[in-house]
There are 4 protein chains.
Amino acid sequence: MRLTGRERRQKILQAAKKLFASKGFKGTTTQKLAQEAGLSEAGLYKYFKNKQEIYEEILNQKIQDIDFYFPSGQQPKNNLKIELRECAIRFLQRNIQDTTFLKIILYSALEENDFLFSFLKEVRKKFFTPIKKSIKKGIENKKIKNFDEDILAKLFFSMIYYTLLLKTLFKDESFDAYKIEEIVDLIIEIFFKGVESE
Amino acid sequence: MRLTGRERRQKILQAAKKLFASKGFKGTTTQKLAQEAGLSEAGLYKYFKNKQEIYEEILNQKIQDIDFYFPSGQQPKNNLKIELRECAIRFLQRNIQDTTFLKIILYSALEENDFLFSFLKEVRKKFFTPIKKSIKKGIENKKIKNFDEDILAKLFFSMIYYTLLLKTLFKDESFDAYKIEEIVDLIIEIFFKGVESE
Amino acid sequence: MRLTGRERRQKILQAAKKLFASKGFKGTTTQKLAQEAGLSEAGLYKYFKNKQEIYEEILNQKIQDIDFYFPSGQQPKNNLKIELRECAIRFLQRNIQDTTFLKIILYSALEENDFLFSFLKEVRKKFFTPIKKSIKKGIENKKIKNFDEDILAKLFFSMIYYTLLLKTLFKDESFDAYKIEEIVDLIIEIFFKGVESE
Amino acid sequence: MRLTGRERRQKILQAAKKLFASKGFKGTTTQKLAQEAGLSEAGLYKYFKNKQEIYEEILNQKIQDIDFYFPSGQQPKNNLKIELRECAIRFLQRNIQDTTFLKIILYSALEENDFLFSFLKEVRKKFFTPIKKSIKKGIENKKIKNFDEDILAKLFFSMIYYTLLLKTLFKDESFDAYKIEEIVDLIIEIFFKGVESE
DNA sequence: CATGAATGAGCATTCATTCAT
DNA sequence: CATGAATGAATGCTCATTCAT
């Protein structure tokens with residue numbers, strides 16, 4: 001099958017996403033990768049310098065997804081709760097539907113892939129900055145408990161993330177009785193009541 | 001050093017726990033394993049059929065550790081907050097120090113290990129039952145918001161678990177500025193204020 | 001850049017000379033070769049059957065260079081020392097600047113290339129004949145020790161050749177402190193004093 | 001075939017010497033090496049960390065040969081000429097009989113093997129030091145022309161070395177008419193007359 | 001009981017070469 | 001005429017496992 005470079009490249013990335021998600025980086029051999037992408041092993045190296053580069057390209061593409069979660073320009077304006085609600089819903093919907101990214105991240109963390117850690121730093125900076133800013137404003141307005149906004153932002157996200165883990169990775173069915181929106185509303189409510197300043 | 005068969009076996013398992021936890025299953029070679037356990041590679045195969053069997057034996061041992069966190073049958077008596085606080089601190093301390101269990105669970109989940117899922121069901125039942133009971137009592141006393149106690153219990157745990165993930169798996173250093181106790185106290189505070197009935 | 005077939009061919013050969021000289025035959029990949037010659041790898045095969053053929057063509061060209069050192073038929077006329085001095089300087093300068101020939105000869109000798117040996121016979125005949133004639137005259141004039149002029153000629157050349165080896169192949173820096181002319185003058189002095197008849 | 005570790009190690013080194021000498025370092029594949037040594041490729045790596053290490057071991061063993069050329073304790077005492085004569089004869093005899101070392105060095109130099117260059121530095125230091133010292137003494141005694149003793153020592157050796165190259169590598173038969181001793185005597189005579197101070 | 005010796009299968013990667021367009 | 005797409009065959013090296021001693 002003769003494809004253009006662009007098409008082949010995409011096919012390789014697609015195959016890699018699938019395999020990295022199901023087998024991890026180490027568990028994905030170039031042989032399987034080539035097979036899945038429909039070309040020879042040697043062919044892979046015309047498009048990517050090495051296996052690691054394929055992996056990095058996948059992660060780097062995913063960084064752009066963050067903008068998808070915060071679509072209205074990088075910063076929640078008026079209403080933090082509404083922004084966060086929508087962001088969380090979008091995050092859950094997308095990652096429940098396609099668990100590739102979640103799994104790649106976890107596999108890489110387990111394999112202690114060095115690139116992942118620098119990637120995660122970047123992601124956390126981009127992802128949490130808008131939330132942290134809003135929380136900071138809340139703290140300044142004495143609406144939110146005076147505590148490290150970084151920690152608070154991550155604790156908020158923890159409930160979203162664990163929900164995702166339970167639904168996708170751990171096959172816990174107890175959340176299935178509720179719509180995503182209901183869960184998110186509950187989390188938002190608990191978090192904001194919980195961090196209210198007294 | 002002349003050891004009995006039983007001792008040798010234990011030494012191998014000990015070495016394996018250490019290595020699997022820090023390097024993962026694939027990252028642990030039989031060479032390093034033998035070296036760490038103080039015998040030849042060939043020797044490993046006198047005690048275990050193969051590498052997989054060593055891994056499984058550790059998994060089984062680790063699973064039994066769960067009782068450590070939740071002394072069997074024990075039920076939070078007087079003060080849920082205090083019970084939960086101690087349980088959470090114990091959970092974090094142990095799993096930060098030895099990440100084997102956390103990693104094994106995640107690896108198994110990623111590999112869609114069927115045994116894991118039924119095991120997890122069991123764990124969740126054991127783990128969450130005492131918390132859920134207390135929450136239920138709180139709901140009945142109108143102290144806690146009237147919502148599915150299963151979900152509430154898991155949302156509480158989510159913050160503990162994500163803290164663990166950030167510290168151990170994702171190499172996020174932002175929690176390192178605080179003692180575990182401080183983080184747990186914050187989580188407890190947020191959660192209980194957050195779920196308070198109005 | 002649109003080149004004629006002839007030009008392209010020349011460009012490939014030029015690139016190949018450069019690369020073979022600095023990286024050797026095995027160290028020169030068709031990829032680098034194509035890049036250096038400014039065309040695609042596939043393009044190389046329009047002009048040459050394979051890599052070996054490029055190598056052989058260069059070898060042939062280099063062999064013809066020999067005439068440069070020993071303008072054909074030329075015989076040292078008046079002053080052997082001056083002739084030899086200039087020939088040696090030319091030989092060293094050229095081969096230090098472009099080591100292709102030196103390396104090709106050595107590679108071929110190591111590979112016991114039969115063609116090389118008959119070629120070398122020819123070269124030695126051409127190369128040493130003028131020197132030998134002059135030495136013979138010196139012997140007849142009782143100026144030079146009476147010994148096999150073939151051996152004497154080769155011993156003279158040995159110092160020139162080893163100087164070349166040290167400087168180019170063996171990366172010995174001790175000759176770098178001197179100009180080529182100084183070294184050659186020293187060699188000439190030692191040789192002629194050394195072979196003087198008593 | 002079941003050999004002891006020591007025997008196998010020796011067999012590998014022997015095979016490597018043979019192959020490196022006839023094919024060069026790059027031209028010697030681990031496959032051929034294993035085959036020649038009578039074990040599997042994987043087996044090689046029980047005895048050596050990698051191909052390079054085998055190569056280095058061979059060279060390092062050869063460094064001891066230098067003591068063989070200067071057997072009477074490291075420094076020529078009374079008579080430099082006699083010492084050098086014997087050293088040169090021993091050098092030629094040994095390397096004519098077994099050209100392995102000569103060829104390995106040349107191949108490595110052509111392949112620009114980094115380890116070779118540091119090895120050569122070591123060798124030159126050890127090999128030329130005694131000769132240089134004697135020459136220096138000669139210079140101080142005004143018996144030898146006042147010139148860089150390093151260069152002089154190397155020019156002496158150049159005639160020995162080129163003789164070796166012609167006889168072994170370049171298949172030049174003109175030296176075959178003479179005994180090694182005769183050639184060496186001639187070289188010694190030419191060199192010492194040539195460098196005599198006036 | 002213990003291990004040194006040995007390996008088949010597999011790994012990521014490279015390379016010279018071919019061929020459809 | 002030129003090349004992008006493609007690969008078979010190799011390369012150095014690793015690993016879990018076996019077996020004779």
Side-chain angles (χ1 to χ4, degrees), chain A residues 1-9 25-34 37-54, chain B residues 1-5 8 25-34 38-54, chain C residues 1-5 8 25-34 38-54, chain D residues 1-9 25-34 37-54:
Chain A
M1 226 187 315
R2 191 117 177 150
L3 300 182
T4 69
R6 231 182 154 57
E7 289 167 331
R8 195 37 39 107
R9 220 186 133 82
F25 182 78
K26 286 183 193 161
T28 298
T29 66
T30 50
Q31 195 185 89
K32 280 185 234 150
L33 198 49
L39 85 172
S40 67
E41 275 185 271
L44 295 175
Y45 294 85
K46 291 281 182 225
Y47 299 97
F48 299 93
K49 212 179 82 239
N50 51 34
K51 197 176 138 187
Q52 181 68 21
E53 203 183 77
I54 301 178
Chain B
M1 227 188 316
R2 192 82 176 177
L3 301 180
T4 67
R8 258 284 127 89
F25 181 76
K26 286 212 182 98
T28 298
T29 65
T30 51
Q31 195 183 98
K32 281 185 230 150
L33 200 52
L39 84 173
S40 67
E41 273 184 271
L44 296 175
Y45 293 85
K46 295 282 182 226
Y47 298 96
F48 298 93
K49 210 180 85 234
N50 53 30
K51 198 178 144 189
Q52 184 66 28
E53 201 182 77
I54 301 178
Chain C
M1 231 187 312
R2 192 81 176 179
L3 301 179
T4 67
R8 259 285 126 88
F25 182 75
K26 286 212 182 98
T28 298
T29 65
T30 51
Q31 197 183 98
K32 282 185 229 148
L33 200 53
L39 84 173
S40 67
E41 275 184 271
L44 297 175
Y45 293 84
K46 295 284 181 220
Y47 298 97
F48 298 92
K49 211 180 86 234
N50 53 31
K51 200 178 143 188
Q52 184 66 27
E53 203 183 77
I54 301 178
Chain D
M1 227 186 313
R2 192 114 176 153
L3 300 181
T4 68
R6 233 184 151 55
E7 288 167 332
R8 191 44 33 112
R9 220 185 133 81
F25 182 79
K26 286 184 195 162
T28 298
T29 66
T30 51
Q31 196 184 87
K32 280 185 234 151
L33 198 48
L39 85 174
S40 67
E41 273 185 87
L44 295 175
Y45 294 87
K46 291 280 183 230
Y47 298 97
F48 298 93
K49 214 180 81 239
N50 51 34
K51 198 176 136 187
Q52 180 69 19
E53 204 183 75
I54 301 178

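Numbers restart at 1 for each chain; the letters A, B, ... are given by sequence-line order, proteins then strands.
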Q. What closest approach, in Å, do D:R8 and D:G38 show between heavy atoms, and which atom pair accounts for it?
A. NH1-O, 3.3 Å

Expressed as a whole number of angstroms, how long is the span from [X]:[atom1] to [N]:[atom2]?
{"X": "C:K46", "N": "E:dT18", "atom1": "NZ", "atom2": "C1'", "result": "10 Å"}
{"X": "A:F48", "N": "F:dA5", "atom1": "CZ", "atom2": "C1'", "result": "15 Å"}
{"X": "D:Q31", "N": "F:dG12", "atom1": "CD", "atom2": "P", "result": "9 Å"}
{"X": "A:R9", "N": "F:dA5", "atom1": "CZ", "atom2": "P", "result": "12 Å"}
{"X": "D:L33", "N": "F:dA10", "atom1": "CG", "atom2": "P", "result": "17 Å"}
{"X": "D:L3", "N": "E:dT7", "atom1": "CG", "atom2": "C1'", "result": "15 Å"}
{"X": "D:L39", "N": "E:dG4", "atom1": "CG", "atom2": "C1'", "result": "13 Å"}

Q: Take D:G43 and B:L44, find for each the nucleotide of DNA chain E with the closest heavy atom, and name the residue whose nucleotide sits nearer the 5' end.
A: B:L44

Q: Using the closest heavy atom to pick a nucleotide of DNA chain E for each, name whichever of B:Y47 or C:K26 lands nearer the 5' end.
A: B:Y47

Q | B:A42 side chain, from C-beta outward: closest of F:dA16, F:dG4, E:dG4 | A | E:dG4

Q.
Counting only side-chain heavy atoms from C-beta out, which of F:dT7, E:dT17, F:dT17 sits nearest to B:E41?
A. F:dT17

Q: Take the C1' atoms of the five end pairs on each side of the helix from E:dA2-F:dT21 to E:dT21-F:dA2, derive the two axes, and give their angle rounded to 10 degrees.
A: 20°

Q: Output, in order, the C-alpha distance, side-chain angles, deciding distance and verdict of side-chain contact (heavy atoms from CB on, under 4.5 Å) for D:L39 and D:L3.
A: CA-CA 10 Å; D:L39 85 174; D:L3 300 181; over 6 Å; no

Working to the nearest 0.5 angstrom, can you tell me the gap between [X] [atom1] and [Y] [atom2]?
{"X": "D:T4", "Y": "D:R6", "atom1": "OG1", "atom2": "CZ", "result": "8.5 Å"}
{"X": "D:Y47", "Y": "D:E53", "atom1": "OH", "atom2": "CD", "result": "14.0 Å"}
{"X": "D:L33", "Y": "D:I54", "atom1": "CG", "atom2": "CD1", "result": "5.0 Å"}

Q. Hey, is the main chain of D:G5 close enough, under 3.5 Å, to the side chain of D:K46 for a donor-acceptor pair?
A. no

Q. Is a donor on one side and an acceptor on the other found under 3.5 Å between the side chain of B:K51 and the backbone of B:F25?
A. yes

Strictly below 4.0 Å: does [X] bring a side-chain N or O up to OP1 or OP2 of [N]?
{"X": "A:R8", "N": "F:dA5", "answer": "no"}
{"X": "B:K51", "N": "F:dA16", "answer": "yes"}
{"X": "D:R2", "N": "E:dG4", "answer": "no"}
{"X": "A:Y45", "N": "E:dT14", "answer": "no"}

Q.
Once you apply a heavy-atom cut-off of 4.0 Å, does D:T29 come out as touching a base, just sugar-phosphate, or nothing?
A. sugar-phosphate

(Q) Heavy-atom nearest nucleotide on DNA chain F for C:G38 versus D:N50: which residue maps closer to 5'? (A) C:G38

